[in-house]
Number of protein chains: 2
Amino acid sequence: MSSIDRRQREKNETQDKILAAARDLFLNHGFDAVSMRKIAEAIEYTPAALYVHFKDKVELMRELCRRDFAAMDAEILTLATIADPVRRMHEAGRIFIRFGTQHKNQYRLMFMTPHPRDILPTEEDLAEMRDPDQNGYAFMCKAVGDAVAQGRLRPEFGEIHATVQTLWAATHGVVALEITHSDDPWVPIRALAIRGELTLSMTLRGMIRATDPYHAELERIGASLADETARQPQGSSCPIGSMLSKAMNLIRPANKGDSK
Amino acid sequence: MSSIDRRQREKNETQDKILAAARDLFLNHGFDAVSMRKIAEAIEYTPAALYVHFKDKVELMRELCRRDFAAMDAEILTLATIADPVRRMHEAGRIFIRFGTQHKNQYRLMFMTPHPRDILPTEEDLAEMRDPDQNGYAFMCKAVGDAVAQGRLRPEFGEIHATVQTLWAATHGVVALEITHSDDPWVPIRALAIRGELTLSMTLRGMIRATDPYHAELERIGASLADETARQPQGSSCPIGSMLSKAMNLIRPANKGDSK
DNA sequence: ATCGGTCAGTGAACAGTGTTAGTTTACCAT
DNA sequence: ATGGTAAACTAACACTGTTCACTGACCGAT
């Protein structure tokens with residue numbers, strides 16, 4: 001039985017080789033600009049060989065996404081130790097923004113491209129999606145659920161999915177704006193770190209009740225941001241504030257150089 | 001001189017014919033699925049003829065965008081009569097969300113696709129972009145500027161561009177989520193109207209000072225939303241609340257049937 | 001009335017794409 | 001040694017966006 005095991009292992013190895021080459025090319029040139037032929041050439045294979053391992057180009061990219069977003073989920077799941085559900089939501093938002101802006105091409109495919117409607121989740125998929133110990137979305141649902149149970153949120157945020165999706169939309173907007181407009185000469189886009197922190201603190205302030213103790217934390221962040229933005233020029237350019245980059249961990253310990 | 005005028009008029013007419021066909025096809029099948037050949041076929045021209053009128057496929061789509069977004073700007077600019085700058089921001093957000101979700105393909109190209117970095121705005125362009133009577137972004141800058149001048153916003157929202165972009169990101173997130181995930185079987189996306197209203201009221205509440213009179217209005221909206229979301233199932237499906245659809249004018253007086 | 005120029009529209013092609021039959025080749029259990 | 005399995009290759013298909021030399025209708029000027 002060891003030979004068929006080895007066969008499988010070898011297959012996985014070339015699969016990984018394909019994925020590595022594809023990731024590198026997609027990251028540097030973008031999904032559309034990279035053809036199957038170029039990926040094949042990079043690993044000295046024939047284009048047709050790729051179709052032995054992946055149904056088509058999209059499926060190949062999707063596998064890259066699955067892996068990177070599993071990594072994001074893993075990172076978000078480490079926040080489970082944070083007792084305060086509101087703070088948990090806050091930190092998860094930070095991770096989401098950072099991850100999205102560091103994996104622009106994968107993010108694009110996952111959240112900025114319509115998914116094929118004909119791939120239905122299996123029962124198993126749904127079970128995993130509902131498990132807050134496995135899935136990022138479920139994790140957020142649990143955080144929101146905890147916050148609701150503790151009476152921390154305003155009444156209109158009592159419906160969990162709507163609330164998670166509102167938080168999601170806000171952070172997604174920050175990432176998407178960065179991806180598509182960060183170097184747009186038509187609009188003076190402000191530093192990601194500032195926009196991210198402004199959005200997150202604003203979002204949470206808008207969600208929690210007026211009496212919530214977390215307002216103290218938001219007030220603190222607001223004060224730093226006020227300092228920071230006051231230093232910004234009213235014109236067009238805008239360097240990244242060092243304090244904020246640190247706050248958002250935008251400079252990370254050289255994670256495989258994965259940022260475009 | 002009338003003959004060259006007529007020449008010009010005829011050229012504009014076929015240009016419009018091309019645009020009309022392209023809009024129709026893009027709307028029904030999406031940008032990528034529509035080839036230049038199909039557009040040409042629809043108006044019984046040769047593919048090469050399109051290149052007499054438009055530099056390339058993207059430029060064609062961009063012209064569609066220009067026109068539709070001029071319409072959105074026009075609609076937003078009618079809000080200039082609203083005295084309260086905070087309410088002006090609120091209503092502009094509503095228009096943005098409605099417009100984005102009603103012109104999904106154009107929205108995609110404008111806000112979800114990287115723009116070519118080599119098209120630099122002329123002095124004239126920049127002048128128009130800074131004029132709140134012509135440009136939607138400038139209009140928002142003025143609204144925020146007014147709000148700041150009146151001391152309505154929290155101190156961290158004193159930098160105008162960062163504030164506009166935060167508002168922009170939040171509304172953009174709502175639209176983008178709708179476009180890419182509204183019929184995703186993996187996530188029970190809530191009705192656009194609810195997510196939009198939740199996001200807008202949350203956003204403004206997070207921006208204005210604790211003492212601001214607009215809190216009363218937000219409180220009112222929050223109460224309706226609390227009613228509405230309380231009626232939602234905790235599970236997956238979610239019909240549109242009639243009251244909210246009206247609030248967001250989601251059903252409009254049959255605007256050329258432009259929604260995909 | 002004829003010339004010359006302008007220019008919208010054409011026909012045919014180019015270089016590239018994603019993808020797929022049909023075939024070869026290397027390996028393994030028998 | 002033989003037959004089966006499957007990864008990888010060859011060659012093609014149908015399509016894409018785009019270009020370029022060209023026609024042919026129209027125009028103002030001679």
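The sequence lines fix the lettering, A, B, ..., with proteins before strands; numbering per chain opens at 1. Just so it is clear, the structure is predicted and the values come from calculations on it, not from any experiment.
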**Prompt:** For B:S35, which contact category applies under a 4.0 Å heavy-atom criterion: base, sugar-phosphate, or nothing?
**Reply:**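 Result for B:S35 = sugar-phosphate.
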**Message:** Heavy atoms only, 4.0 Å cut-off, all strands: where does B:A48 land among base, sugar-phosphate and nothing?
**Reply:**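 Base: the residue B:A48, judged by heavy atoms under 4.0 Å, touches a nucleobase.
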Without decimals, in angstroms, what is the distance between [X] [atom1] and [N] [atom2]?
| X | N | atom1 | atom2 | answer |
| --- | --- | --- | --- | --- |
| B:H29 | D:dT16 | NE2 | P | 13 Å |
| B:L50 | D:dT19 | CG | C1' | 13 Å |
| A:N12 | D:dA6 | CG | P | 15 Å |
| B:F54 | D:dT18 | CZ | P | 13 Å |
| B:M36 | C:dG9 | CE | C1' | 14 Å |
| B:Y51 | C:dA13 | OH | P | 18 Å |
| B:E10 | C:dT6 | CD | P | 19 Å |
| A:F31 | C:dT17 | CZ | P | 13 Å |

Can you find a side chain N or O atom of [X] that sits less than 4.0 Å from OP1 or OP2 on [N]?
| X | N | result |
| --- | --- | --- |
| A:K11 | D:dA6 | no |
| B:T46 | C:dG9 | no |
| A:Y45 | D:dA8 | yes |

**Message:** Can you tell me how the ring of B:F111 sits relative to the ring of B:F69, calling it parallel under 30°, perpendicular over 60° and tilted otherwise?
**Reply:**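 Correct class here is perpendicular.
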**Message:** What's the closest nucleotide to the side chain of A:A49 if the choices are D:dC9, D:dA7, C:dG9?
**Reply:**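 Closest of the options to the side chain of A:A49: D:dC9.
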**Message:** Of the options C:dA13, D:dA8, D:dC9, whose atoms approach the side-chain atoms of A:H53 most closely?
**Reply:**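 Between C:dA13, D:dA8, D:dC9, the one nearest the side chain of A:H53 would be D:dA8.
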**Message:** To the closest 0.5 Å, what do you measure between CD (A:E197) and OG1 (B:T166)?
**Reply:**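 Those atoms lie 11.0 Å apart.
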**Message:** So, taking the atom named CD1 in B:I18 and the one named CD1 in B:I39, what distance separates them when rounded to the nearest 0.5 Å?
**Reply:**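 The distance works out to 8.5 Å.
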**Message:** As a test of understanding, state which of B:V174, B:I194, B:L167 forms a side chain to side chain contact (heavy atoms under 4.5 Å, CB included) with B:T199.
**Reply:**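 By the side chain to side chain contact (heavy atoms under 4.5 Å, CB included) criterion, B:T199 pairs with just one of B:V174, B:I194, B:L167: B:V174.
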**Request:** Report the C-alpha separation of A:E44 and A:K17 in whole Å, then their side-chain angles, then the decisive distance to 0.1 Å, and conclude whether the salt bridge (charged side-chain N to carboxylate O under 4.0 Å, His left out) test is met.
**Result:** CA-CA 11 Å; A:E44 297 178 300; A:K17 220 157 61 173; over 6 Å; no
**Message:** Should the side chain of A:R37 and the base of C:dG18 be counted as holding a donor-acceptor pair, with the cut-off at 3.5 Å?
**Reply:**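 Donor-acceptor pair under 3.5 Å: yes.
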